[in-house]
Structures are given as structure tokens and as C-alpha cells.
Amino acid sequence: MKRWSQFFVPTLKESPADAEIASHKLLVRAGLVRKLSGGLYTFMPLGLRVMQKISQICREELEREQPAHQRPGAIELWMPHVHPAELWEQGPRWAAAREIMFRADSAGSGKGRAKEPEFVLGPTHEEIITPLVKQEITSYRDLPKNFYQIATKFRNEIRPRYGLMRAREFVMMDAYSFDADDEGAIKSYLAMKASYEAFFRRIGVKAIAVEADTGVMGGSFSHEFMVPAEIGDDDVIYSEAGYAANREKATSALVPKDLADAAPVGAVEKFATPGVVTIAQLEAAPYSVSGDTQFKTLVYIGDGKPFLVVLRGNDELEEAKLGSLGFTLFRPATAEEIEPVLGAKPGSLGAVKGTIKNASALAGVFADHAIRLIGNGVTGANEDGFHLKNVNVSRDLAITKFGDFRRVRTGEPCPQSGQPLQSRRGIEVGHIFKLGTKYSDKFGAVYTDDQKQSHPMVMGCYGIGVSRTLQAIIEQSHDADGIIWPWAVAPFQVLICLLDPKLPDAVAMAEKLAAAAESAGADVLLDDREERPGVKFKDADLIGIPLRVVIGGKGLQAGVVEVKPRASKDVEKVELGRAEARLIELVRAASGAQGAAA
RNA sequence: CGGGGUGUAGCUUAGCCUGGUAGAGCGCCUGGUUUGGGACCAGGAGGUCGUAGGUUCGAAUCCUAUCGCCCCGACCA
């Protein structure tokens with residue numbers, strides 16, 4: 001039991017000026033965190049307690065065996081946060097990852113510094129765990145293994161945001177699975193998915209698993225765990241039938257699978273379009289070419305080489321989908337880079353065979369499936385001020401490969417059920433990746449099988465943003481007065497408000513009830529401060545302890561104490577003689593409900 | 001990094017346009033009256049107005065630079 005007067009819960013009446021969203025304001029007002037600098041926060045005693053509770057439940061769920069997926073629990077370890085830069089240079093993504101990494105060299109004399117960092121701060125640990133496992137595991141007998149840690153991560157976010165939502169330093173659970181083969185890796189992946197689901201259920205968070213892009217992490221498939229919230233950074237595309245995917249990854253059944261290629265309507269014909277450089281201008285009179293029958297040609301630079309992406313005029317590129325092309329780094333080309341390759345400025349570009357000035361310079365021409373709906377359309381002539389019509393997809397375009405590159409729109413048919421797709425914002429609190437052998441190949445993490453054959457280990461990696469989850473809980477569970485903590489992660493489960501700390505009978509009752517609640521397994525905070533009742537009630541609502549017990553002079557005279565769940569408006573008056581038993585009953589019911597959920 | 005905004009006491013802020021002794025509320029300290037939803041009265045402490053230059057007799061206020069922070073975009077747990 002903690003006594004408020006001896007503890008440290010600095011609450012604020014007013015919201016800090018730099019907090020925009022409810023959860024961020026409440027984090028600070030309830031005394032859970034204090035800001036050091038942008039994206040850097042101190043966890044105050046109350047905030048730390050919540051982190052520890054979340055972490056502990058996370059451990060329990062990760063270490064639980066998953067018999068349904070034939071996988072043992074994960075194993076906790078602890079890795080350094082300062083990483084030799086060499087390891088990252090050896091790994092597969094140094095070029096892409098270094099931009100978000102802090103360097104951790106000697107601060108030196110202040111007179112200049114080395115060009116390249118010797119040490120970096122870890123944004124994640126694939127580059128550390130893979131060499132470790134290579135060194136320690138060489139036999140199929142030692143597989144599968146899944147190692148995890150709950151530790152600080154460092155990312156030099158260009159724009160930290162919303163308190164703990166996107167911080168430069170944050171607490172993450174990161175896990176890494178190693179399997180002998182692909183089948184095993186899928187079992188490990190599914191086992192982790194099950195652990196995540198149990199974890200989020202137990203901490204009282206409504207998180208849904210959605211299909212996701214693998215990003216710079218690489219790998220073959222992945223799911224994100226999203227907490228639905230307006231302030232989330234991600235768009236989740238879903239249908240009533242159960243399909244759910246990050247917008248970056250989402251597809252639709254817009255293009256029928258059995259769509260036949262259109263027959264050409266005539267020869268390709270050049271026509272003058274002076275000054276026309278946008279889809280919209282070509283849609284307008286006198287040209288009146290609907291956007292849905294125009295080809296939009298975009299130029300990107302992938303690992304130094306230009307490539308083309310062809311979309312329908314009205315469709316938008318979903319840039320993340322270009323990740324499937326296999327480039328380590330890619331970006332839109334500049335106008336200066338485009339002209340020597342295509343022969344025209346942006347606005348008159350196209351991918352018709354024979355019109356590209358320097359086609360051999362291209363790393364490829366990638367077309368979205370949806371252009372097949374056009375059949376015969378209009379595109380740039382690669383000559384400023386001219387376009388081509390009667391352009392037939394299969395006859396005229398120099399397509400290297402078709403793929404899914406367009407951003408889906410709500411209302412399009414769900415790829416699984418055909419129902420209209422919908423969209424909502426979400427906070428990404430967890431991510432699981434099936435990595436394959438991307439890292440084990442690079443670092444030579446191989447094992448020997450029972451036939452004396454050597455194989456690369458098949459990996460998976462998994463993250464839960466612990467500090468972000470903490471804030472997501474507040475975002476999901478608060479009202480106008482403050483936080484409403486779910487029982488399992490509340491910094492304390494029972495708050496005893498001692499309205500008259502000078503009244504010996506009241507103090508005795510408070511101590512007795514505290515002991516009773518503790519005996520039933522609750523963490524108890526006793527508000528023994530010399531404050532007016534109003535202050536205590538406001539603070540109680542603000543910090544959101546799930547069960548509040550009020551012991552006041554008036555109540556004692558009437559022979560009762562009051563019990564009120566934070567989430568409810570109803571006060572229960574309990575006779576003094578029954579108070580202990582009733583409190584124990586309520587604590588057991590609340591913890592039992594959690595246990596059942598787990 | 002591009003765009004927008006903002007820095008005044010521990011916190012929330014007024015004053016800036018139109019230069020002339022820096023003001024309030026909360027919090028804090030002392031005393032008193034209070035005591036079931038952020039009490040009241042009296043007294044008090046606390047500010048190099050982000051920093052550095054400049055203009056001026058005089059700068060929180062005008063100009064320049066610089067730093068921090070917040071928001072929108074690209075990235076992520």
C-alpha cells in the first residue's frame with residue numbers, strides 16, 4: 001500500500017500548452033510522464049507502474065506455450081543498446097535505416113568528428129540477435145527458438161508527435177524467432193499472433209490484426225495490431241466480412257480476375273496538346289479525355305536507376321507498394337533526371353514502346369493491374385506538348401511487370417467478399433513479420449540438419465510498442481474527467497479516499513480496508529493528503545484508479561463507506577461491518593474477470 | 001527536410017499591432033476562517049520577457065540571425 005502523501009503524483013489542473021490530443025494531455029495532467037525535450041519523456045512513478053504492469057503481462061503471454069501452433073514460449077534476454085556500426089553495415093538495410101539512427105560516438109573534444117559513426121543506438125535488434133544466434137546455434141536440435149526483450153529503442157524521428165505516440169526514445173518489446181524451415185517459421189509466426197491477441201485482450205485493449213506492408217524490415221508477410229482511434233497515423237481498410245489491411249497494403253477486387261485484354265480500336269495516333277501537363281487539363285475541353293482512360297506515367301529512381309510506374313489517370317500511387325519491387329532505396333525522380341531518359345518533361349510522359357528516348361537506362365516499367373481496365377487510352381508522347389491516343393495496353397506499352405501499385409478507395413469491392421471497403425484510422429501498437437532468410441543469409445546464421453546438410457535459419461521478428469500502447473490505452477479509455485484504467489494495467493487498482501485523515505476511526509477503517517484489498521490481490525493507493533474532498537475527488541477521477549473507496553465523516557456517522565467504480569456513476573454504500581468482505585468480493589470479481597479474459 | 005505557428009514566474013497566459021517602471025489566474029510560503037466534487041480572506045516570495053546582435057534617448061514590443069517547442073506532409077512500435 002502506498003500513501004499518497006508519501007508518494008509522488010504531481011497532478012495538474014490545466015493541460016500543458018504543447019499537448020494536443022486527449023491522451024497526451026492526460027498523461028501529463030495525471031502525473032504519469034514529464035517531458036524532457038521533443039520525443040523524450042521521463043516516466044514518473046505512476047507512469048512507470050503502468051509500464052511495468054503492461055510489460056509483465058507481455059512477458060507472461062509471450063512465455064506461454066502455444067500448443068495449438070506447436071510452439072514453446074519465447075525466452076527473455078537483454079541486448080546492448082549501443083551497437084557497433086559495422087554490424088549494421090554488414091546487414092541488409094544500413095542505407096535505409098541509418099537515417100533514423102542516432103550515432104553514439106565519443107563526444108570527443110568538440111573539434112570535428114569522424115565522417116562515419118563507430119557506434120549507433122539501436123532502433124531494433126535484428127543486426128545484433130542474428131550474429132548472436134549464428135554463434136550459439138548450429139544444430140537443428142536447438143531449433144526453433146524465439147528470443148525477446150523489453151527494452152528502450154532509439155529512433156531519430158524527424159517529427160516526434162503526440163507525447164509517447166512517436167517518441168525518439170521509447171520502450172518496445174522486440175522478439176526474434178529462428179526456425180529450421182518455412183513451415184516452422186509460419187508456426188512461430190502464428191504462435192506470436194496468438195500471443196499478441198491474448199496480450200491485448202488481457203490488458204483491456206481493443207486491437208485488431210490487419211495485413212500490413214513489410215517496409216524497410218523486409219520479409220514475406222506481416223500483420224499490424226491496430227487500436228482504432230481518430231488520432232491514429234494509419235488508415236485501416238476493412239470490410240464487414242472481416243478483411244482488414246493497412247491502406248499501404250490493401251487491395252480491392254476492382255479488376256476482375258478473368259478480365260480479357262481489350263482489342264485495339266485503331267492505330268496509335270499523336271495529337272497536339274500544347275500546355276497540357278495534368279490529368280485534369282486533359283479531362284477538360286477541348287480534349288475531354290476521362291481520367292479513367294488516361295495512363296499516368298510516374299518516374300522513380302530505385303537504387304540509382306530510373307524506373308516507370310504506370311497507373312490509371314484517376315488512380316493514386318500507393319508508394320509503399322513499390323517496396324515489392326526489391327529496391328533498397330527509391331524516390332520520385334526530379335524533372336532534371338526525367339528529361340534525358342524519357343525525352344520530355346513531366347506532363348507529357350508515357351510508356352509506349354519506341355517513344356522512350358533512352359529505354360535501356362530504365363530498371364523497368366511497372367504497371368498497375370487497373371490499367372488493363374482502360375484497354376485503349378491516352379498517354380503522353382514523350383514529346384512536350386503531345387499525347388497519344390488509341391494506346392492499347394497489351395499491344396503498345398512496354399510493360400516489364402504488372403503489379404498492385406494503386407491506392408484503394410473506400411467503396412471498392414473487398415478482395416475476399418466483394419462487399420464495399422471501408423476505412424478508419426488506427427494506432428499501430430504491434431507488428432509481426434515473417435522475415436524469411438534476409439538476415440540469416442547476410443550474417444551466415446545457418447544450422448546443420450539430421451542429414452548433415454547446412455541451411456539458413458528462417459526468421460520472424462515481432463514488436464510491441466509498450467510505451468505507445470500505454471498511451472493508446474488512455475486514448476481508448478478516458479472521459480471528460482480523466483483516465484479510466486483497465487484493471488490489469490492500472491497503476492493501482494483500489495484508491496481509498498480518506499476524507500478526514502485526522503479522524504482516528506476513519507484512519508483505522510482505511511488501513512483495514514487497504515489490508516483487505518491487498519489480501520485479495522489489489523494494489524492500493526491511500527489518499528491521506530490534507531486536502532479538501534473536492535480536490536481528492538477530482539484527482540481520483542483524473543488518475544483513473546478503477547475502484548474508489550470513500551471514507552468520510554458523514555459516511556462514518558451513517559455507518560457506511562462508499563464504493564464506486566471509476567467507469568460507473570453509481571455509488572454503492574456499504575455498511576461498515578460488511579465493508580471488508582464486500583471490498584474483497586469486488587477485487588476478486590474484477591481480477592477474475594481479467595483472468596477469464598486471459 | 002518543406003509549409004504554418006509559437007517562445008513572458010513551476011503551470012496556463014495578458015501585454016507586442018501603435019516602443020516609455022512586466023500584469024493576471026493556478027500552484028507555492030505565512031496567518032486565519034473553512035471542509036462531500038478543484039474553498040475564502042489577508043499578507044508574501046518568484047520573471048536577464050528563449051538566445052545573440054542591431055535600430056533607438058529608451059526594446060517583451062521594431063529589424064536580423066540563431067535555438068527550442070507545437071501543428072500539417074514523407075517515416076515508424
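Reminder, nothing fancy here: chain letters follow the sequence lines and each chain counts from 1.
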Side-chain donor/acceptor contact of E14(A) with base of rG25(B) under 3.5 Å: yes

Close side-chain approach of Y189(A) and H223(A), heavy atoms under 4.5 Å: yes

Pair partner, rU55(B) [Watson-Crick or wobble, under 3.5 Å]: none

d(OH, Y162(A); C1', rC76(B)) in whole Å: 15 Å

CA sep, side-chain torsions, deciding dist, call: M173(A), L62(A), side-chain contact (heavy atoms from CB on, under 4.5 Å): CA-CA 10 Å; M173(A) 184 296 296; L62(A) 292 179; 3.5 Å; yes

Inter-nucleotide P distance (rA52(B), rU8(B)), Å rounded: 16 Å

Under-4.0 Å side-chain N/O to phosphate OP1/OP2 contact, K13(A) with rG27(B): yes

Short side-chain donor-acceptor distance under 3.5 Å, Y196(A) and R201(A): no

F537(A) aromatic ring stacked with six-membered ring of rG38(B), 5.5 Å and 30°: no

Ion pair R202(A)/E197(A), N-O distance below 4.0 Å: no

Base partner of rA9(B), which must satisfy Watson-Crick or wobble distances under 3.5 Å: none

hbond_proxy D234(A) side chain to rC76(B) base (donor-acceptor, 3.5 Å cutoff): yes

Value in whole Å for how far the C1' atom of rG27(B) lies from CZ of R34(A): 12 Å

Distance-only polar pair, side chains of Y300(A) and E319(A), donor-acceptor under 3.5 Å: yes

Rounded C1' spacing from rA59(B) to rU18(B) in Å: 14 Å

Mate of rC1(B) where both pairing distances stay under 3.5 Å, Watson-Crick or G-U: rG73(B)

Short side-chain N/O contact from Y196(A) to OP1 or OP2 of rA77(B), under 4.0 Å: no

Whole-Å P distance, rC11(B) and rU56(B): 36 Å

Separation between the P atoms of rG32(B) and rC16(B), rounded to whole Å: 42 Å

Whole angstrom value for the distance that separates P of rA77(B) from CZ of R161(A): 15 Å

Rounded interatomic separation in angstrom, taking CG from L26(A) and P from rC11(B): 19 Å

Atom P, compared across rU55(B) and rU61(B): separation rounded to whole Å: 15 Å

Donor-acceptor pair (no angle test) under 3.5 Å: R29(A) side chain, rG38(B) base: yes

Distance-only donor-acceptor test, R159(A) side-chain atoms vs rG3(B) base atoms, 3.5 Å: no

rA39(B) OP1/OP2 closer than 4.0 Å to side-chain N/O of R532(A): yes

D315(A) bridged to R407(A) by N-O distance under 4.0 Å: no

Length of the CG-C1' vector between D18(A) and rG5(B), whole Å: 14 Å

Inter-nucleotide C1' distance (rC49(B), rG31(B)), Å rounded: 33 Å

Watson-Crick or G-U wobble partner of rC17(B), both distances under 3.5 Å: none

S5(A) versus D528(A), side-chain donor and acceptor atoms under 3.5 Å: yes

Under 4.0 angstrom between S37(A) side-chain N/O and rC69(B) OP1 or OP2: yes

K35(A) NZ to rG10(B) P, straight-line distance once rounded to whole Å: 16 Å

Touch class at under 4.0 angstrom, heavy-atom based, for M173(A) against every strand present: nothing

Atom pair distance, as rounded to whole Å: CD1 in I551(A) and C1' in rU35(B): 17 Å

Watson-Crick/G-U partner (both atom distances under 3.5 Å) of rG47(B): none

Whole-Å distance separating the CG atom of L36(A) from the C1' atom of rG68(B): 12 Å

